[in-house]
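Take a look at the structure set out below.
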Amino acid sequence: MSSPAPNPADPEVVPPEEAPRPAAPWTGYALAAAGAILFASKGVIIKFAYAEGLDTETLLALRMALSVPIYLAVGLAGVARTGWPAALTGRELAVIAGVGALGYWFASYMDFLGLVYVSAPFERLILFTYPLFTVLLGAAFFGQPFRMSALAAFAVSYAGLALVFVQDVQVAGFEATRTGTLLVLASAVAFALYQLLAKGPIGRVGPKLFTCVAMSAAGVVAIGQFLLIRDVALLGGLSARAWVICLVLATVGTAAPSFLLSAALSRISAQANATIGTVSPIATLILAAILLGESVSLVDVAGAALVLAGVGWFTLAERRERA
């Protein structure tokens, strides 16, 4: 199996090709931590958007419409420097568009919907288990080896999720918590499948161009979905605060952290980046407490510790077996 993505549980970043790294990569560690923390803010920003009256489809469409131009500019600048790769045929474009729609639209859509029902910290914990789904799907459909350590890691992580689930049921009710949990789990599974499917196209056309095409395709789907089920005139009724929140989501919660993590991966290994990414659920817990006023209980801390222990166990076992 491939190494975990630089920031676990967030379907907005594709790991770039690794470059030679300096002997003392402290800058890389700082960049990775900053990227993980900014990605952790996504759920909190979405909660602010919902409080402002934005619905899921409108928020996702605006987020894509505001962030895709940034990725396009970066991708096209790269093409201008290096030229159009011969590998990017019409068939390859279609493949990348489909993979991008899965990872950047469907996975994000399920995640956004789930945040209607569950707290931002719980959402981040669920998403953070996606590397374990990558193992199961890789073994089931991609001929990758199956390791028993993955099942043990699953058990530990989902024990933590069960703790937080029971607590959320007491606050939000069983139906809402179950619905939100299943939606975010669908997002994690979709992102795991995306990681497996994206590996080939990234190797053929390069990460920057892949991201450019994939993000553009996902943006077309998200905006098309909005146009089909929502009235464009509704955008005129959005408050200035709502537009600011969408802009912050597109830049601070999406584009900026992806570039930070890309810069980090040019200095440190993917394993180091993934390990530093474990601060993401904890950062979400802290940000939700500070910005949303959500309480942090011992159950939250214990659940987060178990989830991180499971994912950490899996990551360390994977690294030893690849060594």
Legend entry - Inter-residue atom distance K47.NZ - S41.OG, 0.5 Å rounding: 14.5 Å

Inset, instruction - Check the pair V244 / V248 against side-chain contact (heavy atoms from CB on, under 4.5 Å), numbers first and verdict last. - result: CA-CA 6 Å; V244 170; V248 170; 4.2 Å; yes

Inset, instruction - Determine whether Y104 and T211 make a side-chain contact, defined as any pair of heavy atoms from C-beta on separated by less than 4.5 Å. - result: yes

Inset, instruction - Kindly indicate whether the side chain of I223, heavy atoms from C-beta on, has any atom under 4.5 Å from the side chain of L227. - result: yes

Inset, instruction - Kindly state whether the ring of F191 and the ring of Y194 have centres lying under 6.0 angstrom apart. - result: yes

Legend entry - Minimal non-hydrogen separation, V164 against G303, with atom names: CG2-CA, 3.9 Å

Legend entry - Between CG on residue L209 and CD1 on residue I202, distance to nearest 0.5 Å: 11.0 Å

Legend entry - Value rounded to 0.5 Å, distance of CG in L185 from OH in Y158: 4.5 Å

Legend entry - S258 vs F39 side-chain heavy atoms within contact, under 4.5 Å: yes

Legend entry - Qualifying residue for side chain to side chain contact (heavy atoms under 4.5 Å, CB included) with Y117, from V184, L183, L182: L183

Inset, instruction - Verify the cluster assignment for L125 and I282: are they in a single hydrophobic cluster under the rule of side-chain heavy atoms below 4.5 Å apart? - result: yes

Inset, instruction - Check whether any side-chain heavy atom of L292 sits under 4.5 Å from a side-chain heavy atom of F48, and report yes or no. - result: yes

Inset, instruction - Establish whether V79 and L93 are linked, either directly or via other cluster members, by ILVMFWY side-chain heavy-atom contacts under 4.5 Å. - result: yes

Legend entry - Same apolar cluster: V301 and F165, side chain cutoff 4.5 Å: no

Inset, instruction - May I ask you to decide if L54's main-chain N or O and T58's side chain share a donor-acceptor pair within less than 3.5 Å? - result: no

Legend entry - Heavy-atom side-chain proximity of V205 to V213 below 4.5 angstrom: no

Inset, instruction - Consider only side-chain heavy atoms of I, L, V, M, F, W and Y, link residues closer than 4.5 Å, and tell whether F142 and V95 are in one cluster. - result: yes

Inset, instruction - Verify the neighbour count for atom CZ of F141: are there more than 12 heavy atoms of other residues, nucleotides or ligands below 6.0 Å? - result: no

Inset, instruction - Specify the closest pair of heavy atoms between V44 and A120, including all atoms of both residues, with the distance to one decimal. - result: N-CB, 4.1 Å

Inset, instruction - Specify the closest pair of heavy atoms between S187 and L127, including all atoms of both residues, with the distance to one decimal. - result: OG-CD2, 3.4 Å

Inset, instruction - Return yes if some donor-acceptor pair links the side-chain N/O of T284 with the main-chain N/O of A40 below 3.5 Å, else return no. - result: yes

Legend entry - Distance in Å, M64 CE paired with S108 OG, rounded so as to fall on 0.5 Å steps: 7.0 Å

Inset, instruction - Taking atom CZ of F133 as the centre, report whether more than 12 heavy atoms of other residues, nucleotides or ligands fall under 6.0 Å from it. - result: yes

Inset, instruction - Indicate whether the side chain of D300 and that of S297 have a donor and an acceptor atom separated by less than 3.5 Å. - result: yes

Legend entry - Residue pair G310 / V156: nearest heavy atoms and the distance that separates them: N-CG1, 3.7 Å

Legend entry - Heavy-atom side-chain proximity of L113 to Y109 below 4.5 angstrom: yes

Legend entry - K42 side, atom NZ; L115 side, atom CG - distance, nearest 0.5 Å: 6.5 Å

Legend entry - Over 12 non-hydrogen atoms of neighbours within 6.0 angstrom of CD1 in I229: yes

Inset, instruction - With the side chain counted from C-beta on, respond yes when V189 and L137 share a heavy-atom pair under 4.5 Å apart, and no when they do not. - result: yes

Inset, instruction - Determine whether the side chains of Y50 and T56 contain a donor N or O and an acceptor N or O closer than 3.5 Å. - result: yes

Legend entry - Stepwise side-chain contact (heavy atoms from CB on, under 4.5 Å) check, L60 with F226: CA-CA 9 Å; L60 183 57; F226 168 76; over 6 Å; no

Inset, instruction - Rounded to the nearest 0.5 Å, what's the gap from CD1 on I96 to CZ on R204? Could you check? - result: 7.5 Å

Legend entry - Least distance between heavy atoms, A188 atom then I126 atom: CB-O, 4.2 Å

Legend entry - Same apolar cluster (I L V M F W Y, side chains within < 4.5 Å links), L285/V307: no

Inset, instruction - Compare all side-chain heavy atoms of L235 with those of L62 and state whether any distance is below 4.5 angstrom. - result: yes

Legend entry - Nearest non-hydrogen partners of A61 and A222, listed with the distance: CB-O, 3.8 Å

